[in-house]
Asks: 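Would you mind keeping the following structure in view while I ask a few things?
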Amino acid sequence: MGHVGIVGQDMLIHHSHPLGAFSETLSRYKSRHKFGGEILLLRPKTAANEAANWAQANIPYVKRYLFDPRLKGVSNNYCSKFIWQAFWNGAGLDLTNHHLTSNRISWVYPYQIKRSTYLQTKDSIIVPPALTHL
């Protein structure tokens, strides 16, 4: 697992990416992945609306893709930290189950999002060749 995003109430995928902060359609999101790549769809067991609303409202504040371990603040961000922040700030849930808070300094990795007990696997999508953007 190498990248994570979150679907907002507007049905766009919000994510912090090395090329910037994006709110985009599923089709555009898929085009960022290589042919044959798998996109795993996870569904929150709780707090989906709260996390989605927070992500949708705060994606414009991501200014730089930077691996900053300070969990407070949105401007310097990376993909899994942004998703963690959406659940923490939107609903008070620590997706990592490591007792993190926004006052902590810690890394949040995509595999921790994938393994979160607050999320369940819904489906997966294999990226077809026509959508590949190299």
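All values below were derived from every heavy atom in this structure, side-chain atoms included, with hydrogens, water molecules and symmetry-related copies excluded.
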Asks: Within the side chain of Ser102, is there an N or O that forms a donor-acceptor pair under 3.5 Å with the backbone of Leu71?
Replies: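 No.
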Asks: Out of Tyr29, Tyr65, Phe82, which one pairs with His15 under the ring-ring contact (aromatic ring centres under 6.0 Å, His included) rule?
Replies: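 With His15 as partner, ring-ring contact (aromatic ring centres under 6.0 Å, His included) holds for just one option, Tyr29.
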Asks: Would you mind reporting whether Leu42 and Gln120 have side-chain heavy atoms less than 4.5 Å apart?
Replies: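 The answer is no; the side chains never approach within 4.5 Å.
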Asks: How long is the straight-line distance from OG of Ser27 back to CD1 of Ile13, given to the nearest 0.5 Å?
Replies: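 Ile13 CD1 to Ser27 OG: 9.5 Å, rounded to 0.5 Å.
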Asks: Are Phe67 and Ile105 connected in the hydrophobic side-chain network, where two residues link if heavy atoms are under 4.5 Å apart?
Replies: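 Phe67 and Ile105: separate clusters.
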Asks: Working to the nearest 0.5 angstrom, can you tell me the gap between Lys114 NZ and Leu95 CG?
Replies: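 If we round to the nearest 0.5 Å, Lys114:NZ and Leu95:CG are 15.0 Å apart.
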Asks: Do the side chains of Ser80 and Pro110 get nearer than 4.5 Å, heavy atoms only?
Replies: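 Of all side-chain heavy-atom pairs linking Ser80 with Pro110, at least one is under 4.5 Å.
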Asks: Quick check: do Asn76 and Arg70 have side-chain heavy atoms less than 4.5 Å from each other?
Replies: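 Side chain of Asn76 against side chain of Arg70, heavy atoms only: contact under 4.5 Å found.
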Asks: State the CD1-CD distance between Ile59 and Glu24, to the nearest 0.5 angstrom.
Replies: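 It is 9.5 Å, given to the nearest 0.5 Å.
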Asks: Under the 3.5 angstrom rule, does the side chain of Lys45 hit a backbone N or O of Thr117 as a donor-acceptor pair?
Replies: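 A pair under 3.5 Å: yes.
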Asks: Is there a path from Leu41 to Ile126 through hydrophobic residues (I, L, V, M, F, W, Y) whose side chains come within less than 4.5 Å of each other?
Replies: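 Looking at the clustering, Ile126 is in a separate group from Leu41.
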Asks: Does a donor on one side chain and an acceptor on the other come within less than 3.5 Å for Gln85 and Asn58?
Replies: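 Distance-only check fails for Gln85 and Asn58.
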Asks: State, with a plain yes or no, whether a side-chain heavy atom of Val108 is found less than 4.5 Å away from one of Ile113.
Replies: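 When only atoms from C-beta onward are counted, Ile113 and Val108 do touch, with a gap below 4.5 Å.
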Asks: Please round to the nearest 0.5 Å and tell me the distance separating atom CD of Gln56 and atom OG of Ser23.
Replies: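 Interatomic distance, Gln56 CD to Ser23 OG, rounded to 0.5 Å: 7.5 Å.
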Asks: Measuring from Lys122:NZ to Leu40:CG, what's the distance to the nearest 0.5 Å?
Replies: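 It is 12.5 Å, given to the nearest 0.5 Å.
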Asks: Once rounded to the nearest 0.5 Å, what's the spacing between atom CG of Asn77 and atom CG of Asp68?
Replies: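 Between Asn77 CG and Asp68 CG, I get 8.0 Å after rounding to 0.5 Å.
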Asks: Of all residues at least two apart in sequence or in a different chain, which pass the side chain to side chain donor-acceptor pair (under 3.5 Å) check with Asn53?
Replies: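 If we apply the side chain to side chain donor-acceptor pair (under 3.5 Å) test to Asn53, skipping adjacent residues, there are no hits.
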Asks: Test your reading of the model: is there a side-chain donor-acceptor pair from Ser31 to the backbone of Arg28, 3.5 Å cut-off?
Replies: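 Yes; at least one donor-acceptor contact below 3.5 Å.
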Asks: Assigning hydrophobic clusters by single linkage (Ile, Leu, Val, Met, Phe, Trp, Tyr; side-chain heavy-atom cutoff under 4.5 Å), is Leu66 placed with Tyr61?
Replies: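 No, Leu66 and Tyr61 fall in different hydrophobic clusters.
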Asks: Does the side chain of Thr96 come under 3.5 Å of the side chain of Gln112 through a donor N or O and an acceptor N or O?
Replies: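 Per modelled atom types, Thr96 and Gln112 side chains form no pair under 3.5 Å.
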Asks: Between Phe87 and Val74, is there shared hydrophobic-cluster membership here, with clusters defined by ILVMFWY side-chain heavy atoms closer than 4.5 Å?
Replies: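 Yes.
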Asks: Write down the atom of Ala91, the atom of Glu50, and the distance for their closest heavy-atom approach.
Replies: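 Looking at all heavy atoms of both residues, the closest pair is CB-CB, 4.0 Å.
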Asks: Identify the heavy atoms of Gly8 and His14 that sit nearest to each other, and give their distance.
Replies: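 The pair with the smallest heavy-atom distance is N-CD2, 3.5 Å.
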Asks: So, the side chain of Asp94 versus the backbone of Leu100: is there a donor-acceptor pair under 3.5 Å, distance only?
Replies: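 Judged by distance alone, yes, a pair lies under 3.5 Å.
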Asks: Give a yes or no answer on whether the side chain of Arg104 reaches the backbone of His99 with a donor-acceptor pair at less than 3.5 Å.
Replies: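 Side chain of Arg104 to backbone of His99: a pair is present.
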Asks: Ile39, Met11: one ILVMFWY side-chain cluster at the under-4.5 Å cut-off?
Replies: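 Hydrophobic grouping puts Ile39 with Met11.
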Asks: Is it the case that over 12 heavy atoms from other parts of the model lie below 6.0 angstrom from the NZ atom of Lys72?
Replies: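 Not buried by this count: 12 neighbours or fewer within 6.0 Å.
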